[in-house]
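Residue indices begin at 1 and follow the sequence shown.
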Amino acid sequence: MKAKLQMIKENALSAIHADNADLEQIRIQYLGKKGELTGVLRGMGALTPEERPIIGQLANEVREEIEKALGAKAEAEKNAMLEKRLVEEKIDVTLPSVAAKMGKLHPLTQVQRTIEDIFIGMGFSIAEGPEVEYDYYNFQALNIPENHPARDTQDTFYITENILLRSQTSSVQARVMEQQKPPIRIISPGRVYRSDAVDATHSPLFHQVEGLVVDKGITMGDLKGMLETFAKTLFGNDTLLRFRPHHFPFTEPSAEVDVSCFVCGGKGCRVCKNEGWIEILGAGMVHPFVLENCGIDPKVYSGFAFGMGVERIAMKYYGIDDMRHLYENDVRFLKQF
Ligand code: PHE
């Protein structure tokens, strides 16, 4: 029996160590319920009482050895598999990577932030107002009563009789003056809406930056000096300003303000359409009626206001000839700025 056990052990071990050994099959063949080793143990009844413990112990040793060999082979196979995967799936981290594409701010946002920075540098703070606005703040408080002809040039989208999409950021002037008492020094950037057909210079949605200063003794000279500082910071130190008389219902006197062309310096070129000047904003002294409408005494206080179109400035600044490019969001266009 000893020899039988010895043979079982040798056969099992060499089967285990063979290449491509089916370990589960081997386990069943030798150690399973109907396996070879089990068969030997079943025949132990025929042994003498002296032989039985010796053969029993030997059988146990053979079982342990086979189990150990099966475990070691399984472990070795697992390690070999892992090793193979590590080699096959190796990533060369020293290869140059595909550069991630960086996003950037839209040119309109860049220009708006540049404008904001300049005014913040002059002590202004930023006020915001709603895009869905009462007729009162967009028109009536600004000295534009119902049926006033100025409403024609700023036709907009009415949500109800009294609620509309604001046609100008000047609506924020009235809101701020109702809430704050002078000294007031704010700018208000934001979207405005008009019933305009889309073309190279018009869009039913565009952006403005409004400015408002109210205090004792504010004059048109303050407006001019402040705008000059603004224009020189944005367009360069040689920039000149030109005030042309104009009419806005909420400022008196009113002006349209041009800057000397920052491309040709005033000689005339494509950007300024040969005029030497580029219109950038509307401005004027806050009308006494508007101050009164907002509870500020025009005998004590005076102020100036201005409003500029961000698209217009961005287009001139970057030499963009069609406003539609700014909204189509073609990355080939946008990544130039
Ligand atoms: N709100 C005017 C416009 O949209 C611009 C403006 C603002 C004019 C403030 C004077 C003062 O045309």
| Counting only N and O atoms by type, is there a donor-acceptor contact under 3.5 Å from the side chain of Thr109 to the main-chain atoms of Leu105? | no
| Should the pair Arg27-Glu24 be classified as a salt bridge under the 4.0 Å nitrogen-to-oxygen rule? | yes
| field | For Pro130 against Arg175, the heavy-atom pair lying closest together | value | CD-NE, 3.4 Å
| field | Which atom of Ala305 lies closest to which atom of Gln173, heavy atoms considered | value | CB-NE2, 3.3 Å
| said: Tell me whether Thr114 contacts the main-chain N or O of Gln110 through its side chain, where contact means a donor paired with an acceptor under 3.5 Å. | reply: yes
| query | Do Asp196 and Ser203 have a side chain donor and acceptor closer than 3.5 Å? | reply | no
| said: How about CZ on Phe262, more than 12 heavy atoms from neighbouring residues, nucleotides or ligands closer than 6.0 Å, or not? | reply: yes
| Expected output: side-chain Asp222 to main-chain Thr219 donor-acceptor under 3.5 Å | yes
| More than 12 non-hydrogen atoms from neighbouring residues, nucleotides or ligands closer than 6.0 Å to CZ on Arg270, yes or no? | no
| request: Please determine if Glu279 and Arg244 form a salt bridge, counting it only when a charged side-chain N lies under 4.0 Å from a carboxylate O. | output: yes
| query | Can you tell me if Lys316 uses its side chain to pair, donor with acceptor, with the backbone of Val271 under 3.5 Å? | reply | yes
| message | Using only atom types and a distance under 3.5 Å, with no angle test, would you say the side chain of Ser97 pairs donor to acceptor with the backbone of Ala99? | response | no
| task | Name the orientation class of the two ring planes belonging to Phe230 and Phe119 (parallel below 30°, tilted from 30 to 60°, perpendicular beyond 60°). | result | parallel
| field | Heavy-atom donor-acceptor pair, Ser302 side chain to Ile218 backbone, under 3.5 Å | value | yes
| query | Side chains of Thr94 and Asp92: do they bring a donor and an acceptor to under 3.5 Å? | reply | yes
| Going by atom types only, do Gln112 and His207 share a side-chain donor-acceptor pair under 3.5 Å? | no
| remark: Nearest heavy-atom contact between Leu5 and Ala59 is CD1-N, 3.8 Å
| said: Checking the side chain of Asn138 only, and the main-chain atoms of Ser167 only, is there a donor and an acceptor separated by less than 3.5 Å? | reply: yes
| task | Decide whether His325 and Asp322 meet the rule of one side-chain donor and one side-chain acceptor closer than 3.5 Å. | result | no
| task | Answer yes or no: are there more than 12 heavy-atom neighbours, outside Lys224 itself, under 6.0 Å from its atom NZ? | result | no
| query | In this structure, which one of Glu133, Gln168, Glu131 forms a side-chain hydrogen bond (donor to acceptor under 3.5 Å, both in side chains) with Tyr193? | reply | Glu131
| said: Given 3.5 Å as the limit, does a donor-acceptor pair link the side chain of Ser254 with the main chain of Phe248, or not? | reply: yes
| request: Could you pull out the closest heavy-atom pair between Pro183 and Asp215, with the gap in Å? | output: CB-OD2, 3.5 Å
| query | Mind checking whether Phe337 and Tyr318 have parallel, tilted or perpendicular rings, split at 30° and 60°? | reply | tilted
| query | Will you find, in the side chains of Thr169 and Glu210, an N or O donor that is under 3.5 Å from an N or O acceptor? | reply | yes
| message | Under a 3.5 Å distance rule, please check whether Arg185 uses its side chain to pair with a backbone N or O of Met122 as donor and acceptor. | response | yes
| task | Using the test side-chain hydrogen bond (donor to acceptor under 3.5 Å, both in side chains), find all partners of Gln140 that sit at least two apart in sequence or belong to another chain. | result | Asp135
| task | Could you go through the salt bridge (Lys or Arg N to Asp or Glu O under 4.0 Å) check for Lys68 and Glu64 one step at a time? | result | CA-CA 6 Å; Lys68 221 170 91 187; Glu64 268 167 33; over 6 Å; no
| If you take all heavy atoms of Gly268 and Asn274, which pair is closest and at what distance? | C-OD1, 3.5 Å
| said: Quick test of your reading of the model: are Arg151 and Glu146 salt-bridged, counting only N-O distances below 4.0 Å? | reply: no
| query | When rounded to the nearest 0.5 angstrom, what distance separates CE in Met220 from OG1 in Thr251? | reply | 8.5 Å
| field | Any donor-acceptor pair under 3.5 Å from Ser171 side chain to Tyr137 backbone | value | no
| request: Not counting sequence neighbours, list each pair that qualifies as a salt bridge (Lys or Arg N to Asp or Glu O under 4.0 Å) and has a residue in residues 328-337. | output: Asp330-Arg332
| said: I'd like to check Phe206 versus Arg194 (side-chain heavy atoms, cut-off strictly below 4.5 Å). Are they in contact? | reply: yes
